[in-house]
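Convention: sequence-line order gives letters A, B, ...; per-chain numbering from 1.
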Protein chains: 2
Amino acid sequence: MKQLTVELGERSYPIYIGDGLLSRAAELFERHGIGKGSPLLVVTDTAVGPHYLAALTEALQSGGYRVATHTVEAGEKSKSLEMLDAIVATALEAGLDRKSTIVALGGGVVGDLAGFAAASFMRGVRFVQVPTTILAHDSSVGGKVAVNHRLAKNIIGAFHQPELVLYDTATLLTLPPREVRSGLAEMVKHGLIWNASFVDWLDANAPKLLALDPEALQYGLYEGCKVKAHVVAADEREDDLRAILNLGHTIGHALEAVAGYGELLHGEAIAIGMVGAAKLAGRLGYASEIYDVTKRLLKRFELPVQLPAHLDTDAIMAAMSHDKKFKEGRMVFIVPTAIGKVEINKSVQADWVREIVDELKGES
Amino acid sequence: MKQLTVELGERSYPIYIGDGLLSRAAELFERHGIGKGSPLLVVTDTAVGPHYLAALTEALQSGGYRVATHTVEAGEKSKSLEMLDAIVATALEAGLDRKSTIVALGGGVVGDLAGFAAASFMRGVRFVQVPTTILAHDSSVGGKVAVNHRLAKNIIGAFHQPELVLYDTATLLTLPPREVRSGLAEMVKHGLIWNASFVDWLDANAPKLLALDPEALQYGLYEGCKVKAHVVAADEREDDLRAILNLGHTIGHALEAVAGYGELLHGEAIAIGMVGAAKLAGRLGYASEIYDVTKRLLKRFELPVQLPAHLDTDAIMAAMSHDKKFKEGRMVFIVPTAIGKVEINKSVQADWVREIVDELKGES
């Protein structure tokens with residue numbers, strides 16, 4: 001088992017990463033102050049629940065916890081105020097009180113939804129993240145929780161840090177291969193923004209990661225979480241530095257919006273976005289190695305680097321402007337300046353970005 | 001103009017109380033860091049908007065602010081996730097961003113709803129309270145914001161302190177007399193829990209307050225807010241001391257729930273509840289003066305002291321248990337121990353409370 005800490009003063013918390021950790025849930029919950037006097041509520045979804053809900057519930061119950069559960073439909077649509085309403089009903093019916101804890105068992109959707117429920121139920125109760133996807137090594141660390149509005153994603157939310165993150169790598173073995181690759185895209189991002197030697201390691205170990213080799217997974221998640229934890233510790237509320245976590249996301253979010261959620265998985269969209277950012281780096285005069293390494297790495301992970309040609313460039317640019325990153329023909333963009341380093345560039349020409357979006361359609 | 005500060009470290013904020021302050025809104029907003037680069041959203045309701053929305057909007061616009069508005073139906077029903085959804089739509093359409101401010105113009109319902117919108121829109125934006133009721137001198141200070149769920153009041157919310165509270169006593173002149181009396185009940189409560197000399201002043205000045213005498217109002221609101229600010233500063237997140245603000249509320253909330261919201265205004269319900277708490281003080285051996293003064297004071301303010309006989313005692317007791325204050329026949333109760341002093345008694349016998357509820361039906 002590996003362990004690291006997100007350093008946030010009195011809101012600091014540990015991340016445990018290991019094989020079979022679900023079975024140790026009660027012990028780890030207790031170690032971090034989750035009391036047994038009040039019931040817990042485990043929130044999961046229809047994709048994850050059938051595999052792991054019983055195991056987690058039983059582990060907690062045999063450790064003396066009272067556990068209620070709430071299962072939502074798998075998928076982005078569950079990140080809604082309606083689902084928040086339903087979770088609160090379950091919480092009230094199960095007798096949760098101010099000393100209770102809400103546990104997210106699942107990927108990013110469940111983590112965001114259950115996290116916002118924990119942030120707002122009774123004006124805030126304790127929260128534990130039990131991520132079951134690789135992608136969630138990103139979203140489960142840092143305390144950003146939210147639901148969607150029909151007009152914008154993640155627009156209603158909070159900063160609400162968990163008490164602990166319990167990452168059982170055994171839960172990753174049931175992930176569909178495409179979800180594995182999508183999750184690894186965020187791992188690549190963490191290397192590219194912060195840690196050149198991790199990039200080298202990722203390059204060397206791509207086949208092992210794709211094959212879900214337990215040791216490689218543990219190391220990769222540990223290093224990925226470490227980057228995330230470091231950035232979050234330096235800028236909890238996203239005032240400045242935390243923006244670097246958006247490498248590939250400016251274009252990526254726009255692609256997800258225009259393609260309609262589903263055609264491109266999140267990791268696929270940001271993979272294309274990272275190629276775009278690398279191309280922008282070249283235009284800004286940074287080493288051409290950035291583009292070469294970024295693209296090679298993404299291909300090693302069997303991630304897309306080409307923007308689907310049928311997506312309309314105007315629509316993509318319009319979606320970016322919704323992301324409020326435009327101002328007078330200029331936009332904020334996370335640009336790699338070397339392998340393992342990025343800058344927050346606040347005056348990238350929007351017409352360059354448009355040209356790059358077009359170029360990405362011809363990428364191969 | 002009177003001014004006081006809620007001392008909460010870096011979340012400290014001022015309360016301004018004065019006649020005609022709406023017209024000075026732009027100046028006071030600017031003084032407290034509300035920037036003009038991002039639009040504001042003023043939330044109000046159908047009772048208050050027609051009187052004061054134009055005045056506030058114009059004052060802000062003439063000071064260089066861009067202002068969008070959102071009006072909800074007056075009444076408790078607007079404290080819902082549906083209304084939060086609608087406010088977020090307006091905020092997005094008006095182009096609010098992370099540096100924007102949401103302003104609550106109204107009473108407790110608008111303050112709680114707009115406050116939770118401010119707490120959760122984009123994971124938290126600035127918030128200003130512009131209370132327009134006497135009752136809101138309580139709710140607008142302290143940062144507790146929330147919406148209701150069909151199963152429980154105020155169950156989805158946050159602690160989100162405002163940047164400032166701007167209390168224009170001129171907005172109180174359009175209050176219906178019953179709302180005036182209801183608001184004064186919270187003022188009486190603030191005296192009873194903390195400040196015996198304020199109780200004397202209230203006793204002497206009840207007629208002036210009922211007649212909305214500007215000077216008396218300003219002083220009474222100032223002293224009431226001062227008690228609230230002091231208690232909140234000592235216990236922002238309601239871990240202990242803040243519970244004393246619930247004097248009269250254990251019975252009061254149960255009466256509101258059983259009567260159906262509307263038969264009893266909040267202040268009327270807590271007036272009856274305060275008489276109950278004073279009777280309990282007598283049973284616990286505290287001076288009989290407590291009961292005498294409490295009752296005389298409430299009558300001076302033309303507030304009810306008798307519990308409506310048609311309300312079922314079993315139902316009232318059941319509503320109290322929903323309030324989660326029961327444990328093995330004992331409950332938590334705020335009990336006056338002298339005029340201007342209370343204790344948090346955690347082991348009041350529930351059957352005493354039941355007897356007192358019955359006795360309150362015969363009060364006169």
Side-chain angles (χ1 to χ4, degrees), chain A residues 37-39 80-100 112 115-125 142-160 236-240 242-243 321-327 332, chain B residues 10 37-39 80-100 112 115-125 142-160 236-240 242-243 321-327:
Chain A
S38 302
S80 67
L81 289 176
E82 290 70 27
M83 284 303 117
L84 172 66
D85 187 277
I87 289 170
V88 168
T90 302
L92 287 168
E93 282 155 7
L96 264 74
D97 59 36
R98 287 178 62 184
K99 293 185 174 166
S100 285
D112 278 7
F116 187 51
S120 54
F121 180 66
M122 293 189 167
R123 300 194 179 88
V125 296
K144 279 173 74 171
V145 295
V147 297
N148 300 329
H149 185 276
R150 70 188 155 79
L151 297 177
K153 281 189 76 178
N154 294 324
I155 205 75
I156 302 171
F159 289 90
H160 191 65
E236 184 177 7
R237 294 185 72 92
E238 198 162 9
D239 292 320
D240 39 57
R242 193 160 172 163
S321 79
H322 279 304
D323 225 9
K324 280 167 215 73
K325 291 180 178 80
F326 274 92
K327 219 169 193 175
V332 178
Chain B
E10 59 180 21
S38 301
S80 67
L81 290 175
E82 289 71 27
M83 283 304 117
L84 171 67
D85 187 277
I87 289 171
V88 167
T90 302
L92 287 168
E93 282 155 7
L96 264 73
D97 59 36
R98 287 179 61 185
K99 293 185 174 165
S100 284
D112 278 8
F116 187 51
S120 55
F121 180 67
M122 292 188 167
R123 299 194 181 87
V125 296
K144 280 173 73 172
V145 295
V147 297
N148 300 329
H149 185 276
R150 69 187 157 79
L151 297 178
K153 281 189 74 177
N154 294 325
I155 205 75
I156 303 170
F159 289 90
H160 191 64
E236 184 178 6
R237 293 184 73 92
E238 198 162 9
D239 292 320
D240 39 57
R242 193 159 172 164
S321 80
H322 278 305
D323 224 9
K324 280 165 215 73
K325 290 179 178 84
F326 274 90
K327 219 170 192 174

Is chain B contacted by the side chain of [X], its backbone, both, or neither, given a heavy-atom distance below 4.5 Å?
{"X": "A:R237", "result": "both"}
{"X": "A:A119", "result": "backbone"}
{"X": "A:A158", "result": "backbone"}
{"X": "A:V147", "result": "neither"}
{"X": "A:E93", "result": "side chain"}

At what distance, to the nearest 0.5 angstrom, does [atom1] of [X] lie from [atom2] of [Y]?
{"X": "B:R150", "Y": "B:L81", "atom1": "CZ", "atom2": "CG", "value": "11.5 Å"}
{"X": "B:I155", "Y": "A:L92", "atom1": "CD1", "atom2": "CG", "value": "5.0 Å"}
{"X": "B:H149", "Y": "A:D85", "atom1": "NE2", "atom2": "CG", "value": "3.5 Å"}
{"X": "A:I156", "Y": "B:F121", "atom1": "CD1", "atom2": "CZ", "value": "8.5 Å"}

Inset, instruction - May I ask you to decide if B:S38's main-chain N or O and B:S100's side chain share a donor-acceptor pair within less than 3.5 Å? - result: no
Legend entry - Side chain B:N154, main chain B:N148, donor-acceptor under 3.5 Å: no
Legend entry - Leading residue by heavy atom contact count with chain A [cutoff under 4.5 Å; candidates B:R123, B:E82, B:H160]: B:R123
Inset, instruction - Return the option, out of B:A91, B:A117, B:A89, B:G124, with the maximum number of heavy-atom pairs under 4.5 Å with chain A. - result: B:A89
